[in-house]
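Every number for a ligand or one of its atoms is a count from 1 in the order of the listing. Keep in mind that this is a model prediction, so the values were computed, not measured.
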Amino acid sequence: MLTGDERYLDLRTFKDKVKKAIWEKQNHKCAICGKEFDFELMEGDHIKPWREGGRTYISNCQMLCRTCNRSKGSK
Ligand SMILES: [Zn+2]
């Protein structure tokens with residue numbers, strides 16, 4: 001169980017529960033390349049970037065594979 005305090009420590013990171021829900025919703029596929037991945041190989045991404053005011057809410061979460069998440073970040 002997560003304690004209530006963790007959300008203050010880790011505001012930029014989606015909780016596993018949220019990521020798992022999105023992963024299921026995306027049929028285990030990366031939102032960019034469309035390939036299927038295990039949950040452990042994917043990362044939660046802010047649809048609207050954190051630095052542009054995107055919040056760490058489930059409505060702003062998409063699941064990307066590590067490759068896509070990295071290439072997205074380097075742009
Ligand atoms: Zn991908």
I want to verify a count. Protein N, O or S atoms less than 2.8 Å away from the Zn ion (ligand 1), how many are there? 4

Shortest non-hydrogen contact from F14 to Y57? CE2-O, 3.3 Å

What's the spacing between N69 CG and Q62 CD if we round to 0.5 Å? 8.5 Å

In this structure, would F37 and V18 fall into the same cluster of hydrophobic residues linked by side-chain contacts under 4.5 Å? yes

Can you confirm whether F39 is buried at CZ, in the sense that more than 12 heavy atoms of other residues, nucleotides or ligands lie under 6.0 Å from that atom? yes

I32 side, atom CD1; S71 side, atom OG - distance, nearest 0.5 Å: 6.0 Å

So which pairs with a foot in residues 25-38 pass side chain to side chain donor-acceptor pair (under 3.5 Å), sequence neighbours left out? E24-H28

